[in-house]
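Just below is one structure, and these are the notes that go with it.
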Amino acid sequence: MDQTPGLIESIERLEEATVLRLAGDVDLNSSPQLRQALRQVVTRRPKVIVVNLGGVQYMDSSGLATLVEALKRIAEYGGQLRLVRLNPRVAAVFEISQLDKVFDVLADEQEAVHP
Amino acid sequence: MTPGSEPTGPCLFIRVPSQTRFLAVERALVRQVGLLAGFPPETVDRIVLAIDEACTNIIRHGYGGPCDRPIEIGVELLGAAGDGQPAGVTFVIRDYGRQVDPAKLVPRDVGEVRPGGLGVHIIHQVMDKVEYSRAEGAGMKLTLTKRHNACGPGNGPDPAAKT
């Protein structure tokens, strides 16, 4: 599958949380990168995983599916997945799919990194 | 927009390979068409999402993964004579892959939280008319219409619909 370079801008491991920062469109082309990065992070079982979507202008259902898959894996070991900095366009995709109530969505990283 | 039938409004047609890297090209086209049709930005975002989901489904399910087979997208601005404001837009999306029973292409229960299967739900939420059919010879044809004054789940914050 084609890969979009640079979807994963950075992965930062903090004391109790790991933060993934994304930049670019999350679609069928790029979501495999997100899936791979999340699977890698989940193996370390951090208490909190924060996905910063501030650099994401577009997300489709493959991006949603990737996040739902991660949510379930993280819940299995008692961790938490939090999403931050959703722009209105991305937030609308969660609403259309009725996933806005399923995810823990917060305004910024500072708020999200504490268990 | 189908062979042998003359469209009633301005139309265009593109054929893209069923590779995921071309999805961004398709989205750029649909965004411009949505704006040209006079929809507000929030509605254009939703139309872009719906058409993208349709193309994604073709790549994943119609062709069984990315490859170099064609996805054809026809676009017609409805009721737009000359420079007049279109009444809406119709997309006809055709592939040459697997044929399925159109009756089986229905939205799933989104109350069940699980990965996958959201594309058809999104398409139905956004567009006013969604019609799957078996295309002649091979593949599927999906006709999607969005109108300015339609009342439906896809017509959220659309100021044009309230005037």
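Below, chain A is the first sequence line, B the second, and so on; all start at residue 1.
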Identify the two heavy atoms, one from [X] and one from [Y], that lie closest to each other, and give their separation to 0.1 Å.
X: Ser61(A); Y: Leu118(B); result: CB-CB, 3.9 Å
X: Gln98(A); Y: His121(B); result: NE2-CE1, 4.3 Å
X: Gly116(B); Y: Ala65(A); result: N-CB, 3.5 Å

Shared hydrophobic cluster, [X] / [Y] (ILVMFWY, side-chain heavy atoms < 4.5 Å):
X: Leu22(A); Y: Val113(A); value: no
X: Ile14(B); Y: Ile51(B); value: yes
X: Val50(A); Y: Leu99(A); value: no
X: Leu12(B); Y: Ile47(B); value: yes
X: Phe91(B); Y: Leu105(B); value: yes

**Asked** Could you walk me through whether Asp25(A) and Leu23(B) pass the side-chain contact (heavy atoms from CB on, under 4.5 Å) check?
**Response** CA-CA 10 Å; Asp25(A) 289 356; Leu23(B) 289 169; over 6 Å; no
**Item:** Pairwise distance CD(Glu95(A)) to CZ(Arg46(B)) - rounded to 0.5 angstrom
**Value:**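 Between Glu95(A) CD and Arg46(B) CZ, I get 7.5 Å after rounding to 0.5 Å.
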**Prompt:** OG of Ser62(A) to CD of Glu53(B): how many Å apart, nearest 0.5 Å?
**Reply:** 7.5 Å
More than 12 foreign heavy atoms under 6.0 Å from [atom1] of [X]: is that the case here?
X: Arg85(A); atom1: CZ; result: no
X: Arg60(B); atom1: CZ; result: no
X: Arg13(A); atom1: CZ; result: no

**Request:** Test side-chain contact (heavy atoms from CB on, under 4.5 Å) on Val110(B) and Ser97(A) and set out the steps.
**Result:** CA-CA 7 Å; Val110(B) 291; Ser97(A) 308; 5.7 Å; no
**Message:** Working note: Thr56(B) + Asp27(A), criterion side-chain contact (heavy atoms from CB on, under 4.5 Å); need CA distance, chi angles, decisive distance, verdict.
**Reply:** CA-CA 9 Å; Thr56(B) 291; Asp27(A) 63 3; over 6 Å; no
**Engaged part of Leu64(A) at the chain B interface, taking heavy atoms whose separation is under 4.5 Å** =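 Looking at Leu64(A), just its side chain touches chain B.
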**Item:** Residue Leu67(A) versus chain B: region with a heavy atom under 4.5 Å
**Value:**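 Neither; nothing under 4.5 Å.
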**Request:** Using distance alone, with no hydrogens and no angle criterion, decide if Asp45(B) and Tyr58(A) have a side-chain donor and acceptor under 3.5 Å apart.
**Result:** no
**Prompt:** Are the side chains of Leu49(B) and Ile96(A) in touch, meaning some heavy atoms are under 4.5 Å apart?
**Reply:**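 Heavy-atom side-chain distance check passes, below 4.5 Å.
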**Asked** Short question: side chain of Lys72(A), backbone of Val113(B) - any donor-acceptor pair under 3.5 Å?
**Response**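 Pair found, side chain donor or acceptor close to backbone of Val113(B).
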